[in-house]
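In what follows, a single structure is set out as structure tokens and then discussed.
Quick caveat: nothing in here was measured; it's all calculated off a predicted structure. Just so it is clear, the values below take in all heavy atoms, side chains as well, and ignore hydrogens, waters and symmetry mates.
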Amino acid sequence: MAAGAEHGLKRIVWQRIKDTLIADCRKSEVWKILILDQFTTRLLSSCCKMSNLMSEGITIVEDLHKNREPVPEMKAIYFMRPTAMCVDAFINDFKLKPKYKAAYVFFTDYCPDDLFDKMKKNCAKHIKVCKEINVSFLPLEAQVFTCENTEAFKSIYTPNSQDRDQTLETIANQIVTLCATLDEYPGVRYKKDSALDYGNKLAELVDNKLARHYELDDNSKKKGKTQAQLLIVDRALDPVSPILHELTYQAMAYDLIPIKDNNYEYKLNDGSKKEALLNEEDELWVKLRHMHIAEVTGQIPKLVKEISANRDEKKQADGKITIGGLSQLMKKMPGFRKQMTQKTVHVSLAEDLMSHFQKNVEKLCKAEQDLAVGADAEGQKVKDPMRTLLPVLLHPHDTTDKIRAVLLYIFSLNGTTAENLNKLIQHVKIEDESGYILNWKHLGVPILSTPSMLSFRKQPRKDRSDKETYNVSRWTPVIKDIMEDAVENKLEVKDWPYQSECPSAWNGSRAVSARQKHKGSSPDDLRSGSRLILFVLGGVSYSEMRCAYEVTHANKSCEVIIGSTHILTPRGLLEDIYKLDK
């Protein structure tokens, strides 16, 4: 089993795929072809390796939408989304001359009747199995999932959007499949009084669909609510976290380095370039990703020493190998090489990040933290945020960094005057690109201070002044306060109403989940407690993902899972915001 698949959500998803898709096909002993669409390719890549599929009798993996050679003597497994495009591609494989001996069809989630009827009409005799397996989300990390839908942001927040309702409907279906995969029937809650009511709408859709799903479930017994809560929050709840320069390893890397599809390109000593995949297969990445860069860099000398010491040992071993020791050494080599590669990658990445930090990020961080927190490192209240912002505007920082600082200034004031806003836009020289700032209003974030915005209430913050932290990293994402309050049963029902019935574990004044005695922290032990699932509409940042692990680690008996339509980087979010009125 792949190391990544041993982690939380990934392991659970792979098990579900094995129990449905693969178990049904195991009944026939023949080797099979697996045909995937773009989404299911990403889904399977996230939770298993080709070797896992081979061991289950799958020899070839093909792309549904590409030309394929017919293999009439083999059976084909189709794993795809229930879309018109996928169904048409499937029908074309069997319409004239069948490409395969038979088809085992598995949809990620509910297949609409019209598409099902179309399949039945055109190729019923070729279909041996047709099932919905209820996995239409991507398990990105052990405690993180996404809907893999970057277009959702535009569909939801564009003024007068034509496909907002359809997008919310699709997202609701994906969240239901997450709950079904986890075997949870949670109480659904949403943040009341948000400027837009999309979170409320989504909560209603999810709650209704969950009820329908568990009524139609294969088990004859109707499922009652489980020990889980699902909280739905809107991006406007915390516009600060995805804009700040965050200094923990993973968040910093995805902000400052051009990492595409989790691939990091780094230089070797000889000047050649190599690519490394930053995922849960890399144990060192898992250990380092939530550490502050100051701690990661503290590890570098140690790692470099280990690398050179291991090289020396290998050289010595090369000179002194006995016949008996050779087989032992050969067995250890693949693991040794992998370990060395991982260390080289992270030494290089940490050095890259420190170089960015020293060049310009360090100068930005103090001002950003003061604006975000509303106080300086000594705890003195920031009385004039403009004085904090000015040094950033006067320094030759990159335009994007200035936009980020201006936004933090505006967020700190809950909106500014039209006159002040125009001056700031001119100062940053984005008169023709003012959408980077103005379009935040489409998310319900106050940009102009108007009488109607007086009703906009900021989320009250927890006092963390007694916690030891770095001066350049004093801000805590709002979502961490919410996670902690939810786990301790401190979320006010008037602010966070339940969409329907409340699970018994969460309906008293006692913090049931947070205070259960805990003997260990394996997934089974966690399961004996409860789950808190958070869904952020409009994208989730890496710093917010980190909070799910931190709160789980601190409470042990409640596992926190966080998800969203997609994962945010500061620059990516600014581009999405800018395009909203295009």
Side-chain angles (χ1 to χ4, degrees), residues 2 5 13-138 148-149 170 173-174 177 180-181 213 216-218:
V13 168
W14 172 235
Q15 192 58 51
R16 188 173 184 90
I17 290 168
K18 282 210 302 187
D19 291 347
T20 49
L21 185 147
I22 287 166
D24 270 350
C25 305
R26 249 196 222 120
K27 291 163 192 167
S28 105
E29 292 299 307
V30 198
W31 287 89
K32 294 174 197 70
I33 293 173
L34 178 62
I35 297 162
L36 306 170
D37 65 17
Q38 198 180 354
F39 175 78
T40 51
T41 302
R42 291 263 296 151
L43 173 58
L44 273 178
S45 305
S46 74
C47 62
C48 74
K49 283 181 171 179
M50 190 62 205
S51 56
N52 301 131
L53 297 173
M54 292 279 285
S55 66
E56 301 294 349
I58 290 158
T59 46
I60 307 166
V61 178
E62 297 260 35
D63 185 328
L64 174 66
H65 300 294
K66 285 188 179 158
N67 283 331
R68 284 167 275 115
E69 286 295 314
V71 193
E73 69 281 6
M74 284 184 90
K75 295 176 179 179
I77 303 167
Y78 287 79
F79 184 28
M80 59 194 181
R81 278 184 150 177
T83 64
M85 194 177 161
C86 289
V87 167
D88 288 345
F90 167 74
I91 290 168
N92 286 340
D93 283 356
F94 291 91
K95 206 169 183 180
L96 300 169
K97 195 177 177 193
K99 275 190 176 170
Y100 308 106
K101 190 175 179 180
Y104 293 75
V105 181
F106 296 89
F107 288 114
T108 51
D109 55 318
Y110 176 75
C111 180
D113 291 345
D114 58 327
L115 292 179
F116 185 75
D117 293 341
K118 193 176 181 183
M119 277 172 61
K120 211 161 66 173
K121 185 181 160 192
N122 285 285
C123 36
K125 65 178 182 184
H126 301 290
I127 300 171
K128 295 284 178 242
V129 170
C130 186
K131 279 187 176 176
E132 294 146 355
I133 72 164
N134 285 313
V135 181
S136 63
F137 62 93
L138 207 64
E148 191 72 348
N149 187 351
T170 304
N173 286 333
Q174 290 177 286
T177 73
T181 301
H213 172 79
L216 301 170
D217 200 21
D218 298 341

Rounded distance [0.5 Å steps], OH in Tyr110 versus CG in Leu115: 10.0 Å
Leu43 pairs by side chain to side chain contact (heavy atoms under 4.5 Å, CB included) with which of Phe137, Trp14, Phe79? Phe79
Rounded to the nearest 0.5 Å, what separates atom OG1 in Thr20 from atom CD1 in Ile133? 4.0 Å
Residue pair Val135, Thr108: steps toward the side chain to side chain contact (heavy atoms under 4.5 Å, CB included) verdict: CA-CA 5 Å; Val135 181; Thr108 51; 5.7 Å; no
Side-chain donor-acceptor pairs under 3.5 Å in residues 88-95, sequence neighbours left out?
| from | atom 1 | to | atom 2 | distance (Å) |
| --- | --- | --- | --- | --- |
| Asp88 | OD1 | Lys118 | NZ | 2.7 |
| Asn92 | ND2 | Asp88 | O | 3.4 |
| Asp93 | OD1 | Arg68 | NH2 | 3.3 |
| Asp93 | OD2 | Arg68 | NH1 | 2.9 |
| Asp93 | OD2 | Arg68 | NH2 | 2.9 |
| Asp93 | OD2 | Tyr78 | OH | 2.6 |

Any idea which heavy atoms bring His213 and Ala180 closest together, and the distance? NE2-CB, 3.5 Å
For a quick check under 3.5 Å, do Thr40 and Asp37 share a side-chain donor-acceptor pair by atom type? yes
More than 12 foreign heavy atoms under 6.0 Å from CE of Met50: is that the case here? yes
Separation between CD1 of Ile77 and CD1 of Ile60, rounded to the nearest 0.5 Å: 11.5 Å
Hey, is Glu73 close enough to Lys101 for a salt bridge, meaning N to O under 4.0 Å? no
Option from Met80, Arg81, Gln38 for which side chain to side chain contact (heavy atoms under 4.5 Å, CB included) with Leu64 holds: Met80
How many angstroms lie between atom SG of Cys47 and atom CZ of Arg42, to the nearest 0.5 angstrom? 12.0 Å
Nearest heavy-atom contact between Val61 and Leu36 is CG1-CD1, 3.6 Å
Check: Glu56/Asn52 side-chain N/O donor and acceptor closer than 3.5 Å: no
Over all atoms of both residues, closest heavy-atom pair of Pro82 and Cys111: CB-CA, 3.7 Å
One should read off an interatomic distance between Glu148 CD and Ser46 OG, to the nearest 0.5 angstrom, of 9.0 Å
Looking at NZ of Lys49 and OG of Ser55, how far apart are the two atoms once the value is rounded to the nearest 0.5 Å? 12.0 Å
